[in-house]
Amino acid sequence: MPKTLVIVESPAKAKTIGKYLGKGYVVESSIGHIRDLPRSASEIPERYKGEAWARLGINVEEDFRPLYIVAPEKRSQVAKLKSLVKDADLVVLATDDDREGESIAWHLLQELKPKVPVKRMVFHEITKEAIASAIQHPRNIDENLVEAQEARRALDRLYGYEVSPVLWKKVAPKLSAGRVQSVATRMLVERERERMRFVSGSWWDIEGRFQVAEGEGFPATLIELDGKKLAQGKDFDPASGQLKKSADVWQLSEQQARELAESLAGQPFRVLSAEEKPFTQRPYAPFITSTLQQEGGRKLGMNASRTMRAAQKLYEGGYITYMRTDSTTLSKEAMDAARSQVRAMYGEQYLHPTPRTYEKKSKNAQEAHEAIRPAGSSFRTPESLRGEISGDEWRVYDLIWKRTVASQMADARGRRLQVRLGGRAQDGRDTVFAASGKAIDFPGFLRAYVEGSDDPEAALEDREVLLPALKSGDGVTARDLKPLGHATQPPARFTEASLVQALEGAGIGRPSTYASILGTIQDRGYAVKRGQALVPTWTAFATSALLEHHFGRLVDYDFTARMEEDLDDIAGGRQKRAPYLRGFYLGEQEGLGLKNLVETRLEAIDPREIATIEVPKLAGSGIEVRVGRYGPYLTRGEARANLPEELTPDELTAEKAEELLGRPSGERPLGNDPETGLPVIARAGRFGPYVQLGEGNTPVKTSSLLPGDDLNTLSLERALELLTLPRFVGTLEGEEVWAHNGRYGPYLKRGSDSRSLNNHEELFSVTHEQAEQLFAQPRVFGRRGAASGPLKRFEFSDRTTIDLKSGRFGPYLTDGTVNATLRKDEGGENLTPDEARSILEERGKEPKSKAGKTARGGKASAAKGGKAAKTTTKKTGTAETAKPARKPAAGAAKIKKGKKAPAKVTPSWDALRRHVGVLSETERRLVIAVRDEGHKVDEIAPVLGLEVNKAKGMLLQIGRKLNQAARAGA
DNA sequence: CAGTGAGCGAGCTTCCGCTTGACTT
């Protein structure tokens, strides 16, 4: 009997289809994509590791050829598929009918290499008829569609893996940029910027209760005074909180409103007009992924990933159709099921006369699946599932069931009522009050589903605002005329649901990724949740500003939309993948694309400037917000203060900033020193937590906390103990010995000589005798004296000895010339000589510092710079720009190509001086004075108005900055 | 964002879209 292997994407789908197809068919799943570009260095096959493009996984030099690998976690499934292919007579690739699905089919073909005939089939619904029909109408793989997918994949990789490193260098390590996440982040940032610019405006009006004869009262609001309208929120300018110039309206103060209310008390009112307008309301389309997530949030209070988790379970249990879809289409079986259920449960009059269909919702919908709906040809009611499923799953099913059924129900019908009441105040002023009502005559679909509410019956009542029957000229009595204050509100922050909605509206992201986008921007520290709201962090502000200013095109809201147009061209055969990517990455003519942009921006972007965030409300105060290594902080001149985590960007006002600067943050008073009476304060500083004796920023003494101490629980006693450091231990050979806590841990110091201590507590306990013994021994550098010698030694007859050593970054191998750090899985203990040899020979590298020393001796970098500068004839301009910063880098790049992987070079001062542009004015003057003019720091610092110690610290920072700038340029 | 003492093997981080368990807390 012939056997056909059908491969789909999802195991749950395989199970269902297997049932429909029966004998002669084996249905198995690929579990999504089986191959992809390598994620990181560890996934790059050895033979490609040396290639310049391997980091990207795309050979940008040869037609952007992608390097595909089977991800480790997919290997077993691929092996399983391979063995099934061997037993089959026919292979049918039945992955989804969209760009990604086509690509999966193609990858399956490439990787499984079946020796039997292969067909491609597609279907959009999992029903017996649809499957049977699909299998009768196979087609071929659409190569153009596969190309479009590859183009999409490559573009995302190039974008993500080229732009993220710019952020690492200019903002903070481990940040990320991408076509989707960077736009999502920008949306949050721009909304928050609006909130930060926003100034609230306020106004007053009057709300009264009115009554006809003995009937029920109803509320109405003052809208007009002496023929002129009263202000509403829309009349205010959000930037100033004042009325817009164009608004010809009253803005009542509290006092005015109160006086008017008193003057109106007891006055007769009359109905000026009473209008009634009928309305109808149509049900919402059946769920797609984004709307399910939105309603899961609004009605059930579940976030996107929790909603999706429940939906996944329902799908696997066969309760609902596929939950990652962008199509609102119901299959015929679903339509019939929904309609017969409406008839049975609500009666014929609640059924829409004809089957309802809905327009596709999102721009780039690919509609490979049905809408999300209860599975099967007759829907099980939520009630009938009570014993079977529970919790989130039941609630999500209930939601899906209601929405699906409602989508085939009749329109709701009702009337909107508008009433105007007129009355004259005792002081002669004329007023108009307005009341509106809503009556629902026929609820239609609202019986089953009210958007945003969990309980349609209760919500229906809320929707009705009843007014008594009123007609023009009727007299009404006013009572309870209350002045009421109002204030304009800033635009609301995004929630998970509204951000997904906004992204979908712009065609950004796919149903399978909405939930993970939210995860990504939170994991990267771009946003935090406050209740339902997503609040962008200061890091998001810095990142977004960098991208907007330097990579503006990439974070345009319609970048994705334009990409989709191009991909459509590729899918349609009108454009090819390689030229498209060449245009994006290299430019129309080389040099205008992303690659060049990144290279030039790495030099141009001043990290200090990027770290400084514009806050409109701080303009003119001299206060700046910066994002530093230790989080966001405020600065004004010398003063600094941490920004508390719980303070959202829009809450930072000039007053708040003053308050924070006036009270250095992170400090905790512990009490007073009994000896001196001075306060003892625990603080968080640049180098970690420390305690200080004395007030404010001029402490008498400071001491770092030791490992094991906690800033939050530190006692006064311990603080006083820490403040005894450095401790006098005794005198040896006429020199004083002190116990210090330093950068590299605890140590003893005698004159210019020192010895490390093993343990921080020894600082307090080490005796004169122990000190004597230590100084009698030679100095041992390294980690607690443990490993200056090798842990293990491998001898070879045909090569030099290899040592296993322990270092700062863990165990490593070295033969004196090259070194190789061991990876996690390479156990140091059980390492055999052969393994050691192969690791060192494959990965061994010359240490950086050695290369640096030789380079400095040979003036290599200076020579390179000089040579390249001569070849530069194009650049003109001021004296400063005549020393081009960029061209030497280009020269270095060329050398790189010729010489394989040159070691990094420690730049000479000549090379570094080119980058003084990254420094502040003071820093520049300081470093020039010291390095060019040969002044001593101690002498020049006072001249520049700096404390000597401060200047020394500054020089360290300057060195770091210049080196970084030089590296970025090279 | 305090102020001090030395001298040492780096290498990795990251994208978007398809899909599920297998892990650990």
Side-chain angles (χ1 to χ4, degrees), chain A residues 9-12 29-34 36-37 39-42 55-57 73-74 77 95-96 98-101 103-104 149 152-153 155-165 167-168 173-182 312 316 324 509-513 516-517 520 524 626 628-631 633-635 638-642 664-666 683-688 690 692 697 699 702-704 726 740-745 747 749 752-754 756 779 781-783 788 805 807-814 818-821 823 844-850 949-950 952-953:
Chain A
E9 287 179 37
S10 138
S29 65
S30 70
I31 321 187
H33 273 294
I34 56 157
D36 194 10
L37 307 174
R39 278 181 291 243
S40 62
S42 62
R55 179 181 69 83
L56 297 168
E73 70 273 16
K74 293 293 171 65
Q77 189 66 13
T95 49
D96 293 352
D98 57 18
R99 203 161 58 210
E100 299 295 329
S103 170
I104 293 173
Q149 192 277 343
R152 197 279 306 156
R153 181 68 191 90
L155 182 140
D156 282 332
R157 168 55 63 90
L158 294 171
Y159 184 149
Y161 276 35
E162 287 287 14
V163 182
S164 296
L167 299 180
W168 305 340
K174 297 193 180 179
L175 293 180
S176 60
R179 174 173 58 81
V180 172
Q181 59 169 291
S182 294
Q312 174 84 31
E316 286 167 10
R324 289 186 277 265
R510 302 279 310 132
S512 62
T513 61
S516 63
I517 294 164
T520 300
R524 297 280 170 275
R626 295 222 183 114
R629 277 181 63 199
Y630 306 99
Y633 61 97
L634 293 170
T635 162
E638 297 287 295
R640 296 184 199 296
N642 283 327
S665 51
R683 304 176 74 173
R686 188 154 50 111
F687 306 109
Y690 67 102
Q692 70 174 43
N697 289 326
T702 64
S703 254
S704 282
H740 285 266
N741 179 36
R743 257 181 87 185
Y744 310 105
Y747 68 103
K749 182 176 175 176
S752 60
D753 201 6
S754 69
S756 290
R779 266 167 114 178
F781 290 134
R783 297 153 72 78
S788 57
K805 289 190 176 182
R808 274 185 303 164
F809 309 116
Y812 69 101
L813 296 169
T814 178
V818 297
N819 309 310
T821 305
R823 290 184 183 145
K845 286 198 177 136
E846 263 189 61
K848 255 189 197 174
S849 52
K850 282 183 189 168
N949 283 335
K950 186 139 224 158
K952 285 181 179 170

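Keep in mind the model is a prediction, meaning the values are calculated, not measured. Proteins get letters first, then strands, A, B, ... in listed order; numbering begins at 1 in each.
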(request) Give one of base, sugar-phosphate or nothing for A:L175, where a contact means two heavy atoms less than 4.0 Å apart. (result) sugar-phosphate

(message) Measure CG/A:L813 against P/B:dG11 and give the value in whole Å, please.
(response) 12 Å

(message) Whole angstroms only, please: what is the CD1-P distance between A:I517 and B:dC15?
(response) 12 Å

(message) Any side-chain to backbone donor/acceptor pair from A:S103 onto A:R99? Under 3.5 Å, distance only.
(response) no

(request) Ignoring backbone atoms, establish whether A:R99 has a side-chain N or O less than 4.0 Å from OP1 or OP2 of B:dC16. (result) no

(message) When you compare the side chain of A:S29 with that of A:Q77, does any pair of heavy atoms fall below 4.5 Å?
(response) yes

(request) May I ask you to verify if any side-chain N or O of A:S754 is less than 4.0 angstrom from the OP1 or OP2 atom of B:dA6? (result) no

(request) Enter the distance from A:S516:OG to A:Q181:CD here, rounded to the nearest 0.5 Å. (result) 10.0 Å

(request) Look at the side chain of A:Y690 and decide which nucleotide, out of B:dA2, B:dC18, B:dT14, has an atom nearest to it. (result) B:dA2

(message) Is the phosphate of B:dC16 approached by A:T513 (side-chain N or O, under 4.0 Å from OP1 or OP2)?
(response) no

(message) Using a heavy-atom cut-off of 4.0 Å across all strands, would you classify A:Y161 as base, sugar-phosphate, or nothing?
(response) base

(message) Measure CG/A:D36 against P/B:dC15 and give the value in whole Å, please.
(response) 13 Å

(request) Tell me what A:P726 touches on the nucleic acid: a base, only sugar-phosphate, or nothing, going by heavy atoms under 4.0 Å. (result) nothing

(message) If you compare every side-chain N and O of A:R55 against the phosphate oxygens of B:dT14 (OP1, OP2), does one of them come in below 4.0 Å?
(response) no

(request) Find out whether A:E100 and A:T95 are in side-chain contact, i.e. whether some heavy atom of one side chain is under 4.5 Å from a heavy atom of the other. (result) no

(request) Assign A:E162 to base, sugar-phosphate, or nothing according to its heavy-atom contacts below 4.0 angstrom with the strands shown. (result) nothing

(message) On the side chain of A:R510, is there an atom forming a donor-acceptor pair with the base of B:dC18 - under 3.5 Å, no angle test?
(response) no

(request) For A:L37 and B:dG17, give me the distance from atom CG to atom P, rounded to whole Å. (result) 14 Å

(message) Using OP1 and OP2 only, check whether a side-chain N or O of A:S40 sits under 4.0 Å from B:dT13.
(response) yes

(request) Choose from B:dC15, B:dC12, B:dT14 the nucleotide whose nearest atom is closest to any side-chain atom of A:A41. (result) B:dC12

(message) The side chain of A:T702 is closest to which nucleotide in this list: B:dA2, B:dT20, B:dT13?
(response) B:dA2

(message) What's A:S30 touching, base or sugar-phosphate or nothing? Going by heavy atoms closer than 4.0 Å.
(response) nothing

(message) Of the listed nucleotides (B:dT14, B:dT20, B:dA2), which one gets closest to any side-chain atom of A:E316?
(response) B:dT20

(request) For A:S164 and A:S176, work out which heavy atoms get closest and say how close. (result) OG-CA, 3.5 Å

(request) Answer with base, sugar-phosphate or nothing: what part of the nucleic acid does A:G628 contact at a heavy-atom distance below 4.0 Å? (result) nothing

(request) Nearest whole angstrom, please: distance from the P of B:dA2 to the CG of A:N642. (result) 11 Å

(request) Determine whether the side chains of A:T635 and A:R626 contain a donor N or O and an acceptor N or O closer than 3.5 Å. (result) no

(message) On the side chain of A:R152, is there an atom forming a donor-acceptor pair with the base of B:dC16 - under 3.5 Å, no angle test?
(response) yes

(message) Heavy atoms only, 4.0 Å cut-off, all strands: where does A:G32 land among base, sugar-phosphate and nothing?
(response) base

(message) Whether the side chain of A:R153 engages the backbone of A:D36 through a donor-acceptor N/O pair (distance < 3.5 Å, no angle test) should be reported.
(response) no

(message) Need one value for A:A820: base, sugar-phosphate or nothing, where a base atom within 4.0 Å counts as base even if backbone is also close, heavy atoms only.
(response) nothing

(request) Specify the separation, in whole Å, of atom CD of A:Q77 and atom P of B:dT20. (result) 11 Å

(message) With nearest nucleotide decided by heavy atoms, which residue, A:K74 or A:K749, maps closer to the 5′ end of DNA chain B?
(response) A:K749

(message) For B:dC15 and A:Q181 - does any side-chain N or O of the residue sit under 4.0 Å from the phosphate oxygens OP1/OP2?
(response) yes

(message) Nearest to the side chain of A:R524, heavy atoms from C-beta on, is which of B:dT14, B:dT20, B:dG17?
(response) B:dT14

(request) Give the rounded distance in Å between these two atoms: CZ of A:R39 and P of B:dC16. (result) 14 Å

(message) What contact category does A:Q312 fall into here, base, sugar-phosphate, or nothing, at under 4.0 angstrom with non-hydrogen atoms?
(response) sugar-phosphate

(message) Check the phosphate of B:dT20 against A:S29, side-chain N and O only, distance under 4.0 Å to OP1 or OP2. Yes or no?
(response) no

(message) Heavy atoms only, 4.0 Å cut-off, all strands: where does A:Y633 land among base, sugar-phosphate and nothing?
(response) nothing

(request) Kindly compute the distance separating CD (A:Q692) from OG1 (A:T702), expressed to the nearest 0.5 Å. (result) 7.5 Å

(request) Measure from CD on A:E100 to P on B:dC18 and round the result to the nearest Å. (result) 4 Å

(message) Can you tell me if A:W168 is stacked onto the base of B:dT13, using a 5.5 Å centroid cut-off and an angle below 30°?
(response) yes

(request) With heavy atoms under 4.0 Å as the rule, sort A:S164 into base, sugar-phosphate or nothing. (result) base

(request) Name the nucleic acid region contacted by A:R157, choosing base, sugar-phosphate or nothing; use a 4.0 angstrom heavy-atom cut-off, strictly under. (result) base

